[in-house]
Amino acid sequence: MLRRLILAAAVLTTAALIPAVPAEAAAFKVLVFSKTAGFRHDSIPAGVQAIRDLGAAGDFEVNATEDAGAFTSSNLAQYRAVVFLSTTGDVLDAAQQAAFQSYVDGGGGYVGVHAAADTEYDWPYYGQLAGAWFASHPSIQQANVKTEDTAHPATSGLPATWTRTDEWYNYRTNPRPDVHVLQSLDESSYSGGTMGDHPITWCHPQASGRAFYTGLGHTAESYAEPNFRRLLLGGITYAAGAVQADCAPPGGGGGTIEAESYTSQSGIQPTSHGTASGGTTVGFIDNGDWAGYASVSTAGATGFTARVSSAGAGGTIQVRSGSQTGTLLGSVTVPVTGSWDTFTTVSTALTGSASGPLYLVFTGGSGALFDVDTFSLTKSPTTTVEGEAYTAQSGVQPADHAGASGGKTVGYVNNGDWAAYAGVSTSGLKSFGARVSSAGSGGTIQVRSGSATGTLLGSVNVPVTGSWDTFRTVSATLTGSASGPLYLVFTGSGGDYLFDLDSFTVTR
């Protein structure tokens, strides 16, 4: 098979169609799915043919369909990867969604091309799988694509700066915290970019499976480009598990977490299962048991997905922040699957604002309830935190204010005081905003990483607002690279009590 992949890469150096290889058993099969329920791209036939060409040279068989009826567990089991080729709109019903989710989380591969991000807006799992949903695009034009990862099979050998013409998507959220970015756009090289930091191609693990997405591929001409074909080939072979690659998200992002990697627990034990990711689950779960994950922050969490099994009574997983009795962000029901080795995936949206470490609390009837194999959090790039929710401080105190969010602020602020937020990672932070008031002299908030004297990422001036109950929002762009917990350091040259901090927002 390696010989075939080398051959495929070699022929991509010309724009000619890739010739078929002599008939023999293919190494694996790929399904190309191009159903549309919204805008239909006229490049779809060229895309299907390009992937067929890649399969002919790369020793994998390609089947193409626009029939969503193909999304059954038994049919999907024959494929190592499924390519969503410029799909649009709501293309799968509930049963088909469930089959595809189980397929990917059980070890299958997903490849999204271009308008695959314009698909299944009402299905939270799909948004997590694709990485981001489409928001808008300017006119087709030339732009510079920056290669961020030169080792991944999809981007190895591509130019460091690749100038090409396409339709450049803006996305509703920046996926960088939760994916491994392979390519990004230089927004200064074209008109209409709205994201600043603008990932355009990325990958990430998804439970036991793999996901790859590229926003390239609007035009039919794209599919004749040797470099774009190289990108597709690497994405497909990665998603199919035919080649290995590091697609781990950055620290502080989402990603799939082994449930048995807890840092504290009550009542549970690791349990061996041959069909589990890593061979082990969280097992022996009774009503009221819990698991804590000190390194997993709930800051910005908007969704929770878990891979579970149950030959017991089933039950519920509560997602909490800070402790096993902390803020309840959401809960998800775990069904009876019929066997401890029969896994299914459950998911739920999360609500509320919290930034403490993740706790999973297990509830249900009597006896053994269920096992948890892996889980992941979907995270928003924007996180809002109550200022008084600090985990450590020097000099400050909570102050009551009826006009403040939550009724309190960080108050009694003097020069040199600080507040720390252990659950808020500074990894990938791009901006900082704060809601403040001051009947004092005002001052400055420094945004630092790791400690009160750690890396300075940026600062924002706090003006005098005229009253402790008159609030304004101030903001600043952050620069530099850091990954430690967030520290806010307060400075000013006036007398006592410079300003109050109500809440703050960080954006990745």
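Since the structure is predicted, the reported quantities are computational estimates derived from the model, not experimental observations.
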Ring centres of Phe375 and Tyr293 under 6.0 Å apart? yes
Contact list for residues 128-154, test salt bridge (Lys or Arg N to Asp or Glu O under 4.0 Å), sequence neighbours left out: Glu148-Arg176
Any residue meeting side-chain contact (heavy atoms from CB on, under 4.5 Å) with Ser339, in chain and number order, not counting sequence neighbours: Asp341, Thr342
Determine yes or no for a side-chain-to-main-chain donor-acceptor pair under 3.5 angstrom, with Gln265 supplying the side chain and Ile268 the backbone. yes
For side-chain hydrogen bond (donor to acceptor under 3.5 Å, both in side chains), just list the numbers for Asp53 and Gln49, CA-CA rounded to whole Å, side-chain angles, deciding distance to a tenth of an Å, and then say yes or no. CA-CA 6 Å; Asp53 294 341; Gln49 186 58 52; 2.9 Å; yes
Answer yes if the ring centres of His114 and Tyr169 are under 6.0 angstrom apart, and no otherwise. yes
Sorted by first residue and then second, give each salt bridge (Lys or Arg N to Asp or Glu O under 4.0 Å) pair with at least one member in residues 117-126; sequence neighbours left out. none
For Arg210, check salt bridge (charged side-chain N to carboxylate O under 4.0 Å, His left out) against everything at least two apart and list the hits. none
Keeping the roles fixed (side chain from Thr88, backbone from Phe39), state whether a donor-acceptor pair exists under 3.5 Å. yes
Pairing residues for Glu221 by the salt bridge (charged side-chain N to carboxylate O under 4.0 Å, His left out) criterion, not counting sequence neighbours: none
Taking the six-membered ring for Trp, is the centroid-to-centroid distance between Tyr213 and Tyr110 below 6.0 Å? no
Using side-chain hydrogen bond (donor to acceptor under 3.5 Å, both in side chains) as the criterion, list what pairs up with Ser191, not counting sequence neighbours. none
Ser272 meets the side-chain hydrogen bond (donor to acceptor under 3.5 Å, both in side chains) criterion, sequence neighbours left out, with none
Between His204 and His180, is the gap from one ring center to the other below 6.0 Å? no
For Asp166, which residues count as a salt bridge (charged side-chain N to carboxylate O under 4.0 Å, His left out) partner, sequence neighbours excluded? Arg164
Residue pairs, two or more places apart or on separate chains, that pass disulfide (SG to SG under 2.5 Å) and touch residues 207-243: none
Take Tyr171 and Trp133 through the ring-ring contact (aromatic ring centres under 6.0 Å, His included) test and state the conclusion after the steps. CA-CA 6 Å; Tyr171 300 96; Trp133 273 306; over 10 Å; no
Residues that Asp371 engages under salt bridge (charged side-chain N to carboxylate O under 4.0 Å, His left out), provided they are two or more places apart: none
Please check this pair: side chain of Ser102 against backbone of Ala99, looking for a donor-acceptor N/O pair closer than 3.5 Å. no
Residues forming a side-chain hydrogen bond (donor to acceptor under 3.5 Å, both in side chains) with Thr201, sequence neighbours excluded: Gln183, Thr214
Any residue meeting side-chain contact (heavy atoms from CB on, under 4.5 Å) with Gln78, in chain and number order, not counting sequence neighbours: Lys29, Asn75
Are the aromatic rings of Phe84 and Phe100 close, with centres under 6.0 Å apart? yes
